Each structure stands twice: as structure tokens, then as C-alpha cells.
Amino acid sequence: MPKFSYMICKRMDQICQRMLTQGYLKVERYYSLCQKQVKAQLPRRESERRNHALARHADILAAVETRISLLNMTFMRYVEFSLCCFIPGKVIDEIYRVLRYVKSAQFPQQAPDVVQELRDISSMAMEYFDEKIAPFLKKKLPGAELSSRILSSPPGPSTALSTMQLFSKQSPSREEVTKLLQQFRATGAIVQALRREVTELRTKLQEQQKHLQDQDQKLLEQTQIIGEQNMRLAELERRLREVVDSAVESPSSAASSAQETPGKRRKLTDITDCPQPPKRIRSKK
């Protein structure tokens with residue numbers, strides 16, 4: 001049977017790689033634009049941002065920023081050294097979808113629901129890259145051979161001398177130093193973004209704790225007020241019962257007095273009808 005050999009056009013491969021990398025850089029710029037537009041409309045105080053209409057928009061953009069930072073740490077190190085391109089093109093499409101949803105939706109859903117698909121496919125892409133592709137690319141990084149020799153050499157006085165010899169033999173070029181500096185700057189920016197996110201999360205946590213304390217205080221006050229109201233209601237019920245009892249007793253007393261009055265009248269008439277004895281006239285001396 002004839003054997004078929006599949007030829008790959010290197011030019012086409014380079015064009016596709018360039019398009020993927022440029023697409024990722026464009027989606028980063030688009031994200032920065034969306035974030036600036038949302039932040040310009042948000043109030044400066046963090047406590048007022050929670051109740052703002054764009055609070056969910058800001059939460060979604062913060063989650064997207066975390067995903068972009070993790071993708072930078074995973075892929076861009078090798079992209080800057082031209083060892084590969086930004087491989088997961090579907091992640092770019094998903095980031096665009098989330099950002100367009102943020103710009104178009106007036107009342108968006110919660111951030112975890114919107115970013116769930118982006119989180120899943122980006123996590124799978126990063127795990128696959130770290131397990132299957134990164135081990136082969138690490139060997140091609142500048143200084144990888146040098147670091148492997150240093151790690152494999154036994155400790156001793158000759159280690160420092162051999163390290164200096166390797167550095168003298170394999171002095172990095174200016175381009176490599178520039179790339180390393182750019183990589184360090186990018187890593188520093190990512191670390192700053194993560195620190196900023198951690199600070200915002202701590203602030204949100206403190207606000208939530210304060211809100212819970214206020215709610216507990218209000219609940220305690222409401223409980224006290226309810227207890228006082230129950231005591232007042234019990235007192236009013238007692239007074240009402242006394243009034244009802246007194247109202248029930250008063251008709252019976254009136255009826256008994258009504259029964260006694262005819263007998264008393266008869267006695268009075270008998271007394272008035274009977275003749276009185278005449279008074280004795282004193283004799284004058």
C-alpha cells in the first residue's frame with residue numbers, strides 16, 4: 001500500500017501562530033479598555049461600589065483579570081522567547097464573549113455564573129500545557145542547560161569555579177538579557193495585579209464581616225423590642241380582662257338592687273301609715 005506523507009507549510013504555520021498571539025494581545029487591550037470604562041463610572045469609595053449599578057460588571061472584570069494573569073504566567077514566558085504561540089484559541093473567543101456581555105448587559109448575572117466556562121476551558125488548557133508541552137519547551141529556554149548543569153553538579157569548592165566557567169563560556173547576549181528583563185517586568189506586573197486583587201478581597205471580607213456585625217446588633221435590638229412589646233401586650237390583656245370582669249359583675253349587682261327596692265318601699269309605707277302616739281303635754285305648775 002502506498003504511504004502518504006502529510007506536508008506542513010511552515011509559512012502557514014507561522015502565520016497561524018502570529019494570529020493567535022496577536023489575538024491574545026488584542027483581547028488584553030480590549031479588556032483594559034473595558035476595565036477603564038467601568039472604573040471611570042464607579043465611585044472611589046469601596047463601600048459605595050457594592051451598592052452601585054456596575055458592581056457586578058466590576059466583579060466579572062476582576063475574575064477575567066485573574067484568568068488573564070494566570071494565562072500570562074503559563075504561556076507568555078515561552079511566547080516571548082518565540083518557542084511557541086498562544087495555543088488555546090478558544091480561550092480568546094471566550095474572553096471576548098464575556099467582555100462583550102459585560103458591555104451589553106445592563107443587569108448581568110453573578111460573576112461565577114458568567115465566568116464559569118472561561119474558568120473551565122482556561123484551566124484545562126493550562127493543565128495540558130504544563131503536563132504535555134512545557135517540559136519539552138523548558139529545555140529550549142535560554143540558560144536551561146546552564147541551570148541543569150549547576151543542579152546536577154555535586155556541592156563542593158569546585159562548584160563555584162565550574163559555575164563561573166560556564167558563565168564565562170556562555171555569556172548571554174543583549175537580546176536574551178532584554179527578554180529576561182521584559183519577562184521579569186511582566187511577572188512583576190502580574191504579582192502586583194494579584195496583590196491588588198488580594199487587597200480588594202480582604203477589603204470585601206472586612207466589609208462583609210462589619211455588615212454581619214451590624215445585622216447581629218440589629219437582630220439583638222429587634223429581639224429586645226419584641227420582648228418589650230410582648231410584656232406590654234400581656235399587661236394590656238390583663239387590664240382588659242379586669243375591665244371585662246368588672247363589666248360582668250356590675251349588671252348582676254344592679255339586678256339585685258332592683259329586686260330589693262320594692263320591699264324597702266313597702267316597709268317605708270308601713271312605717272308612714274301607722275299612727276304615732278300623741279306627745280304628752282307637760283302640766284304647768
Side-chain angles (χ1 to χ4, degrees), residues 4-39 57 60-105 108 111 114-144 172-194 197:
F4 296 96
S5 61
Y6 297 95
M7 302 295 292
I8 298 174
C9 180
K10 293 183 178 180
R11 179 63 178 168
M12 189 66 184
D13 184 42
Q14 292 176 358
I15 292 172
C16 294
Q17 290 185 13
R18 193 181 302 114
M19 288 179 66
L20 286 170
T21 304
Q22 289 179 357
Y24 178 73
L25 297 177
K26 286 181 180 179
V27 81
E28 274 189 327
R29 290 193 292 268
Y30 186 60
Y31 161 76
S32 301
L33 179 63
C34 296
Q35 190 180 29
K36 287 180 181 178
Q37 291 177 356
V38 172
K39 281 189 175 182
H57 299 75
I60 296 171
L61 290 176
V64 174
E65 182 181 5
T66 305
R67 291 288 106 185
I68 290 176
S69 301
L70 294 173
L71 291 169
N72 272 327
M73 295 173 64
T74 304
F75 291 96
M76 298 311 290
R77 176 187 180 187
Y78 304 98
V79 173
E80 289 174 356
F81 288 105
S82 301
L83 296 177
C84 70
C85 64
F86 186 81
I87 298 172
K90 189 176 181 180
V91 174
I92 300 174
D93 298 335
E94 186 62 25
I95 295 174
Y96 269 121
R97 185 194 68 81
V98 174
L99 295 178
R100 287 166 183 160
Y101 174 75
V102 170
K103 291 196 69 174
S104 62
V114 179
V115 196
Q116 183 65 41
E117 183 67 19
L118 175 60
R119 184 184 293 111
D120 292 341
I121 61 175
S122 60
S123 299
M124 289 189 293
M126 288 185 288
E127 289 176 1
Y128 180 80
F129 184 82
D130 290 335
E131 293 176 0
K132 304 294 182 180
I133 303 175
F136 299 99
L137 298 180
K138 286 179 181 179
K139 299 177 182 179
K140 300 180 181 181
L141 285 173
S173 62
R174 183 175 296 179
E175 294 179 357
E176 294 175 352
V177 172
T178 305
K179 289 181 179 180
L180 287 173
L181 290 175
Q182 291 177 355
Q183 180 183 354
F184 290 150
R185 290 172 183 172
T187 306
I190 294 169
V191 171
Q192 289 180 359
L194 291 175
E197 185 178 357

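Keep in mind that what you see is a predicted model, and the values were worked out from it rather than measured. If you read the sequence from its start, that first residue is 1, and numbering goes on from there.
Residues L99 and K103 fail the side-chain proximity criterion, which asks for heavy atoms closer than 4.5 Å. Put simply, the side chain of N72 reaches to within 4.5 Å of the side chain of E28, judged on heavy atoms. For the pair M73 and I68, the minimum side-chain heavy-atom distance is 4.5 Å or more. Between V79 and L83, every side-chain heavy-atom pair lies at or beyond the 4.5 Å cut-off. I87 is listed as a side-chain neighbour of I133, based on a closest heavy-atom distance under 4.5 Å. At least one side-chain heavy atom of K138 sits under 4.5 Å from a side-chain heavy atom of Y78. Contact check for I95 versus Y31: no side-chain heavy atoms found under the 4.5 Å cut-off.
Residues L20 and F86 share a closest heavy-atom pair of CB-O, 3.4 Å. The shortest non-hydrogen separation linking Y101 to P108 is OH-CA, 3.4 Å. When all heavy atoms of C84 and L137 are compared, the pair lying nearest together is SG-CD1, 3.9 Å. The two residues T74 and F129 have their closest heavy-atom pair at O-CE2, 3.5 Å. Closest of all the heavy-atom pairs between S122 and L71 is CB-CD2, 4.3 Å. Pairing each heavy atom of L61 with each of C34, the nearest pair is CD1-O, 3.9 Å.
Distance check: E65 CD to S32 OG gives 8.5 Å after rounding to the nearest 0.5 Å. Going from atom CD of E117 over to atom CZ of R119 covers 11.0 Å, rounded to the nearest 0.5 Å. Once rounded to the nearest 0.5 Å, the distance linking CZ of R11 with CD of Q14 reads 6.5 Å. Taking CE of M12 as the start and CD of Q17 as the end, the distance is 11.5 Å to the nearest 0.5 Å. Atom CD1 in I92 sits 10.5 Å away from atom CD in Q22 (nearest 0.5 Å).
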Requested in this report: Just do the side-chain hydrogen bond (donor to acceptor under 3.5 Å, both in side chains) check on S123 and R67 with the steps written out, would you?
Outcome: CA-CA 9 Å; S123 299; R67 291 288 106 185; 3.1 Å; yes
Requested in this report: May I have the step-by-step check of side chain to side chain contact (heavy atoms under 4.5 Å, CB included) for R100 and Y30, ending in yes or no?
Outcome: CA-CA 10 Å; R100 287 166 183 160; Y30 186 60; 3.9 Å; yes
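Between the T21 side chain and the R18 main chain, no donor and acceptor come within less than 3.5 Å of each other. Side-chain atoms of H57 do not come within 3.5 Å of backbone N or O of Q35 as any donor-acceptor pair.
No close placement of the F75 and Y24 rings is indicated, their centers lying 6.0 Å or farther apart.
Within 6.0 Å of OH on Y128 lie no more than 12 heavy atoms contributed by other residues, nucleotides or ligands.
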